[in-house]
Amino acid sequence: MGLSTFKKRTVTCGELRKNHVGKTITLTGWVDKRRDLGGLIFIDLRDRYGKTQIVFSPERHEGAHEIAKSLRSEYVLSATGVVRARPEETRNPEVTTGEIEVDIHELTILNKSETPPFPMDDYGDVNEDLRLKYRYLDLRRPSVQNNFIMRHRAYQVTRQYFDQKGFLEIETPILMKSTPEGARDFLVPSRLHHGKFYALPQSPQTYKQILMVSGFDRYFQIVKCFRDEDLRADRQPEFTQIDVEMSFVDEEDIQQITEGAIVDIFKTILNTDVQQPFPRMTYTEAMERFGSDKPDTRFGLEIRNCSEIAQHSGFRVFSDVVKKNGIVAGINVPGLASYTRSQLDILTDYVKSLGAGGLVYLRVNADKIECSASKFITEDESNAIAKKFEAKPGDLILLISGTWQKALTILGTLRLEMAQRLNSIPEGKWNFLWVTDFPLLEFSEEEKRFVAVHHPFTAPKPEDVPLLETDPGKARARAYDLVLNGNEIAGGSIRIHTQEVQSKMFSLLGIGTEEAQRKFGFLLDAFKYGAPPHGGIAFGFDRIIMLMTGSKSIRDVIAFPKTASGMSLMDEAPSTVDVKQLDELHIKIK
RNA sequence: GGGGUCGUAGCUCAGCUUGGUUAGAGCGCCUGCCUGUCACGCAGGAGGUCGAGGGUUCGAGUCCCUUCGGCCCCGCCA
């Protein structure tokens, strides 16, 4: 009997079938539903494996039935009985255990439960703040548990895949040196060194590069990363990456390995065949066709540039912007010429909220084209624009003008918005896409200097190295992002592996020799001792699981996530700490 | 830092436009009845700081201001 005061389970709530009929078994689990008919009592007992109907009969087993009367939602039970086939007409084909039930003769209530604040079923929506406060209850819901079962399987497939390919899983520090570039660091004060701080890693970037210098050749790690930036539906302050780095490789090698991992994960877990190789698209093309560096290619509504028509227009807003190297571009939304003036006004406000100066629209009717700027745009110009978009009667053309970056980005957002309104984003498609040839640097107006688009260790394209001297903004990077249905799910690059180029990069970023030595000296030093050419990638693991489970937010695939304001509602982190703790750290709150 | 949206019973929501009896519904909960239910059924009952604070008014869930919190977006996120 052992030390237990209750009967341990002999089966789970998900496994009993017809062939178990006649066996005496013990189940443990939670009361999911209670159906007390006055005489017979039916209980759906739930554990993570499923649900099983157990029956209490006042005639057959009076003692157990008497106890069962007091059962309520979420009570924890150990129940022993005999598996029976259900009478033919009472079988439940909806449930995997629906052919049988268990006639209970021995019942132990292992624990009672207060009435839960929300039901543990998957029928109704529950407000997210409540779900997060009672996360332990939310995590009991089968639909939520399924997300974590899938997540678990993805860990296993990932480890197996990279192991088979000869990768070594090596842990890197969580307490590391703060780095100046990139996202804001979470800081951890050092008690032993007054006034000094560790940082939590934004990613193990420098460590994995140093592992390459050490000769580990193929490294991977499923690792937590931390960024102290504002949150989004797909962004949490702590998140999980599949971090990968390889030596003696080029872009193609990394992409092939990456694709293989994705193919494996999707095949094993979703039984979905993903075709290799994934399509490639340059950053420039992605921007000009989709207005995004992570284009959703599941639907059309592609952007077209009509600057050459607009540049000679009497409409100064258009002609001026083209003169100043800007563009006029738009999308053609089929069938929406029926939009009313007020609907279009709302749309105009929407693009203005995204930073557009305004919105010019053309309603394409059978007989004529109505243009919102017809005072300034001639009929010929309207017709030319309509022709450019291959517009048919009933179409609505939406035009935005501005700098290349801004106009296209706004159109990219507008394109997604219109696709959602038209309900034209197909379900069940898995459109993977490599976006390549990103710019290496971009000029930050705020900081009045160049900043790295990817990170400061990304190598420039060899043919663009001369540009670093003449026109750094034009240089392209050996960087690549993996996009799935409009979501960035991985990003990587071939790294700089020589001390000279890395120093050059730091100086372009406005980081002086002395500062570079102070902040990244360990990496520059390492590069002096035979650093192999290397590159890598990091997958946004939570995002991949989010997409695979059809979740709307990565919160649904993270066991204990934080709210949009970075709060953990269950344990109320962050919280104040004792003055004594602060004193030890020599910290005073301003 | 900015914009949008939501906050009313344990839960999900209606009521707010146009201020006016005792603030409603469904589910859940409690009690009773019920021996083949399976989101059981029937009958009855309890349950409200209308997020908080202030203001306007004879009177505020409803109008105004401030504030807190959830969610979404922009900025930010190498």
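Fair warning: this is a prediction, and the values are worked out from it, not measured in the lab.
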J.: Work out how far the C1' atom of B:rG59 is from that of B:rA23, and round it to whole angstrom.
T.: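 Per the computed distance, 16 Å lies between those C1' atoms.
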J.: In the strands shown, is B:rA23 matched to any nucleotide by a Watson-Crick or G-U wobble pair with both distances under 3.5 Å, and which?
T.: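 Looking at the geometry, B:rA23 pairs with no nucleotide.
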J.: Under a 3.5 Å cut-off for both contacts, is B:rG69 paired Watson-Crick or G-U wobble with anything, and if yes, with which nucleotide?
T.: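 Check on B:rG69: paired to B:rC6, both distances under 3.5 Å.
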J.: Would you indicate which nucleotide in B:rG75, B:rC72, B:rA39 comes nearest to any side-chain atom of A:N92?
T.: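 The listed nucleotide nearest to A:N92's side chain is B:rA39.
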J.: From B:rG1, B:rC38, B:rC71, pick the nucleotide closest to the side chain of A:L132?
T.: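 Closest nucleotide to the A:L132 side chain: B:rC71.
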J.: Show the distances under 3.5 angstrom between N or O atoms of the protein and N or O atoms of nucleotides 9-15 of chain B.
T.:
residue: B:rG10; atom: O2'; partner: A:P117; partner atom: O; Å: 2.9
residue: B:rC11; atom: O4'; partner: A:P117; partner atom: O; Å: 3.3
residue: B:rU12; atom: OP1; partner: A:N127; partner atom: N; Å: 2.6
residue: B:rU12; atom: OP1; partner: A:N127; partner atom: ND2; Å: 3.3

J.: Any salt bridge between A:E74 and A:K112, counting N to O under 4.0 Å?
T.: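 Salt bridge: no.
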J.: Return the orientation label for the A:F506 and A:F457 ring planes: parallel under 30°, perpendicular over 60°, tilted otherwise.
T.: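 Because their plane-to-plane angle is over 60°, the rings of A:F506 and A:F457 count as perpendicular.
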J.: Checking contacts here: which listed nucleotide (B:rC77, B:rC71, B:rC74) is nearest the side-chain heavy atoms of A:A564?
T.: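 Ranking B:rC77, B:rC71, B:rC74 by closest atom to the A:A564 side chain puts B:rC71 first.
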J.: Please tell me which of the listed nucleotides, B:rC38, B:rG75, B:rC72, lies nearest to the side chain of A:R235?
T.: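 Closest nucleotide to the A:R235 side chain: B:rG75.
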J.: Is the distance from OP1 or OP2 of B:rU37 to the nearest side-chain N or O of A:R35 less than 4.0 Å?
T.: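 Looking at the OP1 and OP2 atoms of B:rU37, neither is under 4.0 Å from any side-chain N or O of A:R35.
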J.: Would you call the rings of A:Y136 and A:Y134 parallel, tilted or perpendicular if under 30° counts as parallel and over 60° as perpendicular?
T.: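 It falls in the perpendicular class, over 60°.
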J.: Examine B:rC30: is either OP1 or OP2 under 4.0 Å from a nitrogen or oxygen in the side chain of A:R72? Give yes or no.
T.: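 So the side chain of A:R72 is within the cut-off, an N or O lying under 4.0 Å from OP1 or OP2 of B:rC30.
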J.: Pull out every residue in residues 488-505 of chain A that has a heavy atom closer than 4.0 Å to any atom of RNA chain B, ordered by number, or say none.
T.: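 When residues 488-505 of chain A is checked for heavy atoms under 4.0 Å from RNA chain B, there are no hits whatsoever.
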J.: Side chain of A:L37 only, heavy atoms from C-beta on: which candidate in B:rC71, B:rU37, B:rC76 is closest?
T.: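 It is B:rU37.
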J.: Nearest of B:rG70, B:rG36, B:rC34 to any side-chain atom of A:M567?
T.: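 From the listed options, B:rG70 comes nearest.
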J.: Where the side chain of A:L569 is defined as all heavy atoms beyond and including C-beta, which of B:rC40, B:rG70, B:rC76 is the nearest nucleotide?
T.: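 Ranking B:rC40, B:rG70, B:rC76 by closest atom to the A:L569 side chain puts B:rG70 first.
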J.: Distance check: side-chain N/O of A:R232 vs OP1/OP2 of B:rC74, anything under 4.0 Å?
T.: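 A:R232 to B:rC74 OP1/OP2: side-chain N or O found under 4.0 Å.
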J.: In this structure, how many angstroms lie between the P atom of B:rC40 and the NZ atom of A:K33, rounded?
T.: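 Spelled out: NZ on A:K33 to P on B:rC40 is 5 Å.
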J.: Would you say a side-chain N or O of A:R555 is under 4.0 Å from OP1 or OP2 of B:rC72?
T.: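 So the side-chain polar atoms of A:R555 do come within 4.0 Å of the phosphate oxygens OP1 or OP2 of B:rC72, strictly under.
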J.: Taking a pair as Watson-Crick or G-U wobble with both distances under 3.5 Å, which nucleotide is matched to B:rA39?
T.: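 For B:rA39, the partner nucleotide comes out as none, under the 3.5 Å rule.
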J.: Please tell me which of the listed nucleotides, B:rC29, B:rC38, B:rC40, lies nearest to the side chain of A:T90?
T.: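 Of all the options, the side chain of A:T90 is nearest to B:rC38.
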